[in-house]
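Computed from a prediction, not measured in an experiment: that's the story for all the values here. First the proteins, then the strands, lettered A, B, ... as listed; each starts at 1.
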Amino acid sequence: METLWFCIVAVMIAIYVVLDGFDLGAGILHLMLGRSRAERQAILASIGPVWDGNEVWLLAGGGTLYFAFPALYASSFSGFYLPLMMVLWLLILRGIAIEFRNHIRNAVWVPIWDVVFCGASALLAIFFGAALGNVVRGVPLDSSGYFFLPLWTDFSAGAVAGILDWYTVLVALAAFLVLAEHGALWIAYKTTGDVELRARRAAARLWWAVAIAVVVITVASFRIQPHLAVSFAERPWGYLFPLLAVIGILGMKFVSGLRAFAASCLFIVGMLTAVVFGVYPLVLPSNTDPSLSLTIYNTAAAPYGLGVGLMWFIPGILLVAGYFVYTYRSFAGKVAVMDEEG
Amino acid sequence: MDALTIHRLHFAFTVTFHYLFPQLTMGLALLLVVLKSLALRTGKEHYNRSARFWAKVFAINFAIGVVTGIPMEFQFGTNWARFSRAAGGVIGQTLAMEGVFAFFLESSFLGLFLFGEKRLGPKMHWLAGFLVFLGSWTSGFFIIVTDAFMQHPTGYVLRPDGQLALASFWGLLLNPWASWQYLHNMIATVVTGSFAMSAVGAYYLLMEQHVSYGRTFVRIGVIAGATASVLLLFPTGDQQGRNIANHQPTTLAAMEGLFQTQEGAPLAIIGQPDLTRQQLDNPITIPNVLSFLTYQRWKAEVKGLDAFPKDLWPDNIPLLYYSYHVMVGLGTIFIAVLLVAVVLLQFGVLYQSHAMLWALMLALPFPYIATTAGWITAEVGRQPWLIYGVLRTADGSSARVAEGNALFTLIGFMGMYALLALLFVFLVGREIAHGPEVE
């Protein structure tokens, strides 16, 4: 039962990264790929009707994590206090930037929100990457299962490391590149003309950066977290997940349009599931004393609650799937660049 | 300030600011369904234009509600880790259900409601509006059930390790505290939405602009507001009061400023609780009424604060007393004003009655104040407990988050929310100035 809920939470977070990932990627790139206000408007219109629904996966995934693994939620959210609060501020800024940008169409109002949107999206990608890096590296848990990390100390990735060290910074940069690539492929798929062309070119260039970054963080991760190698040695079927990522990244290089975007989704899902598989059954490793690590077993809610949860979760998530198919169909097709009126 | 105080202020500030927006979202969602239904039934474009105007206000309000709502869920973990660890297995259920059943519904159909009117056709557009309403009211339900668990925990067992485990799913969801609290709260959102609508309508009539819309807004606002404000007092407020009397008698005594246990307890209308002398200063009271309201007998005994040990008293009795009295006082004034407005409407003189239009326009802040005061009553009244009778507030905060860090983020939120407040007033003000006739 714990494993099942672990998989559910992991899938929800993966869906969040895939869906909101292209919103963030589009945000990172829209200032560069859109040269005029109308072009930027077209890029934002490609995510406008869906970004809020995509972000809900973060809330729903967080809520599910809270209910299934309350001790993990309590420990990690309080331990990563400062960066999480900054994530909240960035989510606020990103949300109001995209929602309020088009209320007043003049030469002062729009650029302000464009810059805010770009900056918040870029920083969110970086923060989420750093968070992933921290979960892989581990944190200094105490015997009551809590910890508190400063933002940085000496960048050593050792026992006294802060949230940012050389390893987590690398993962953060990799996440930034991966989501930028993901966004470029989304923009290429959803737009036409010059914007599409520029997005394709950006995606092609970013691909090499992504490929290099992925090799680097893969090597670094196995060095930082020995548990990864143990997991793959014990359960070799887990190589399936990195294999998905490899198929994905090759697909991004050799196909285009919707298929390239789908390949990018596959790549992200493959990478995340590979990490999750490698860490399992830990959910937050201790980097000081392995026996203090948080696992799915010592953080899960009681069995009755987990069982009852399935009763509402399964019909609930089917409904959600229905809404998403309906919404994405309603807003299917390319977004045209239109001259701005008023 | 110690860390606990800052964690409390942190949550209090962010939740108070946040809830200014969802209360209008939920109330207005219902009124939008009313406008869309009128459009569908009468076939008049007038109502569709009215709905489009309010949908613009709704969208701005909704956006701020969403971005200030996310920090609420996160703060359970960041600032209240020990509470989350103890109770997450129970209230995590309802918070996760809110995400799955409410947020997805709202966010999916809001986009269609705001941008899809032409594509969807009148009936499907009505449905999209209805689903946004349903989503927002479902969201309210799960939050109230979560709060009701903290007020009056049901459906759980206490495990030997100090954690709470869910014992009965329906026991949690059908908490008797939750049903009245939910109705009371949702009807209060209708009051806020109605006052917002009638205030804008009154402004247009006084300005002699968009007059036909002004009349519609005033008419719908006054009728919905009068109905809702009566229901707020009876039966929902009355039943809520009985729940408090039965399950939180200490809170009742503190709310009412009743220091001494007595038969035929008086109802305090005005007065200031004096904690040193344990009495109400400058009191204006009505004899026996508190006994009657609580137990339906004029001479019934009502327990005062003296009947309870001091470590069970709410830790801020004056704040609790004032917020409760502000809520009830304003609620009473709402009923009086809105009933007079309904009578004027019946006699066909409301739109010409300048005094009433001024009153309706200037009334706008007061439902917000009343709602905020109501929530302060509920949450300060719950003290010193985080989960009533189970977990004390002092044992729920994040032990590893020091006061410096908590104060840093509290100040950050204050700055951020000041910006949001300015943007909201500016953008909604622009929409009101444009009026319903500008598409």
* Could you tell me whether W57(A) and F324(A) have their ring centroids closer than 6.0 angstrom? => yes
* To do: Could you grab the distance from atom CG of L318(A) to atom CZ of F313(A), nearest 0.5 Å is fine?
  => 9.5 Å
* To do: Could you list the residues that satisfy salt bridge (charged side-chain N to carboxylate O under 4.0 Å, His left out) with R159(B), not counting sequence neighbours?
  => D161(B)
* Candidates S291(A), S293(A), S286(A) - the one meeting side chain to side chain donor-acceptor pair (under 3.5 Å) with D289(A) -> S291(A)
* Pairs of heavy atoms under 4.5 Å with chain B: top-ranked of A300(A), G48(A), G53(A), P303(A) -> G53(A)
* Aromatic centroids of F142(B) and W312(A) separated by under 6.0 Å -> no
* **Structural part of L105(B) lying under 4.5 Å from a heavy atom of chain A** => both
* What part of Y156(B) gets closer than 4.5 Å to chain A, counting heavy atoms only: side chain, backbone, both or neither? -> neither
* Asked: Y146(A) versus chain B, heavy atoms under 4.5 Å apart: side chain, backbone, both or neither?
  -> both
* Against chain B, work out which of F148(A), F77(A), Y81(A) has the most heavy-atom pairs shorter than 4.5 Å and name it. => Y81(A)
* **Choice from A167(B), A399(B), G99(B) maximising heavy atom contacts with chain A below 4.5 Å** => A167(B)
* Examine whether an atom of H434(B) lies under 4.5 Å from a heavy atom of chain A, and if so say whether it belongs to the side chain, the backbone or both; otherwise answer neither. => neither
* Asked: Residue by residue, which of residues 82-90 of chain B have a heavy atom closer than 4.5 Å to a heavy atom belonging to chain A?
  -> R82(B), F83(B), S84(B), R85(B), G88(B), G89(B)
* Hey, do the aromatic rings of Y323(A) and F104(B) have their centres closer than 6.0 Å? -> no
* More than 12 heavy atoms from other groups under 6.0 Å of CH2 on W109(A) -> yes
* Asked: So which part of V66(B) gets closer than 4.5 Å to some heavy atom of chain A, the side chain, the backbone, both or neither?
  -> side chain
* **From CE (M414(B)) to OG1 (T409(B)), nearest 0.5 Å** => 10.5 Å
* F109(B) versus chain A, heavy atoms under 4.5 Å apart: side chain, backbone, both or neither? -> side chain
* **Aromatic ring proximity, centroids under 6.0 angstrom, F147(A) and F80(A)** => yes
* Structure fact -> Highest number of heavy-atom pairs under 4.5 Å with chain B among S78(A), G62(A), P49(A), A60(A) belongs to S78(A)
* Asked: Which atoms of Q75(B) come close to chain A, meaning under 4.5 Å heavy atom to heavy atom: side chain ones, backbone ones, both, or neither?
  -> side chain
* **Best-contacting candidate, L72(A), L82(A), L65(A), L306(A), against chain B by heavy atom pairs under 4.5 angstrom** => L82(A)
* Structure fact -> salt bridge (Lys or Arg N to Asp or Glu O under 4.0 Å) pairs touching residues 43-65 of chain A, sequence neighbours excluded, are E55(A)-R94(A)
* **Engaged part of M311(A) at the chain B interface, taking heavy atoms whose separation is under 4.5 Å** => neither
* Pairs involving residues 129-143 of chain B, ordered by first then second residue, that meet side-chain hydrogen bond (donor to acceptor under 3.5 Å, both in side chains) (sequence neighbours left out) -> E98(B)-S139(B)
* Asked: F424(B) versus chain A, heavy atoms under 4.5 Å apart: side chain, backbone, both or neither?
  -> neither
* Go through the atoms of S330(A) and report whether side chain, backbone, both or neither lie under 4.5 Å from a heavy atom of chain B. => both
* A406(B), part contacting chain A, at a heavy-atom distance under 4.5 Å -> both
* Could you look at L93(A) and say if it's the side chain, the backbone, both or neither that has a heavy atom under 4.5 Å from chain B? => side chain
* Relative to the ring of Y66(A), is the ring of Y73(A) parallel (under 30°), tilted (30 to 60°) or perpendicular (over 60°)? -> parallel
* Structure fact -> Most heavy-atom pairs under 4.5 Å with chain A, out of F169(B), W80(B), F74(B), belong to F74(B)
* To do: Tell me, for M416(B) versus chain A, whether the close heavy atoms (under 4.5 Å) come from the side chain, the backbone, both or neither.
  => side chain
* **Near-ring test F76(B)/F11(B), centroid separation under 6.0 angstrom** => yes
* Non-hydrogen atoms of chain A under 4.5 Å away: do they reach the side chain of L120(B), the backbone, both or neither? -> side chain
* **N/O donor-acceptor pair under 3.5 Å between S75(A) side chain and A71(A) backbone** => no
* Structure fact -> Applying a strict 4.5 Å limit to non-hydrogen atoms, the region of L423(B) in contact with chain A is side chain
* **Under 4.5 Å from a heavy atom of chain B, the part of S144(A) involved** => backbone
* **Part of L427(B) lying under 4.5 Å from any heavy atom of chain A** => side chain
* To do: Check each atom of I92(A) against the heavy atoms of chain B and say whether the ones under 4.5 Å are side chain, backbone, both or neither.
  => both
* To do: Mind checking the CG-CG spacing from N405(B) to L410(B)? Nearest 0.5 Å is all I need.
  => 12.5 Å
* Asked: Does the gap between the ring centers of F115(B) and F331(A) come in under 6.0 Å?
  -> no
* Structure fact -> Only one of L294(A), N298(A), T295(A), I296(A) passes side chain to side chain contact (heavy atoms under 4.5 Å, CB included) with F69(A), and that residue is I296(A)
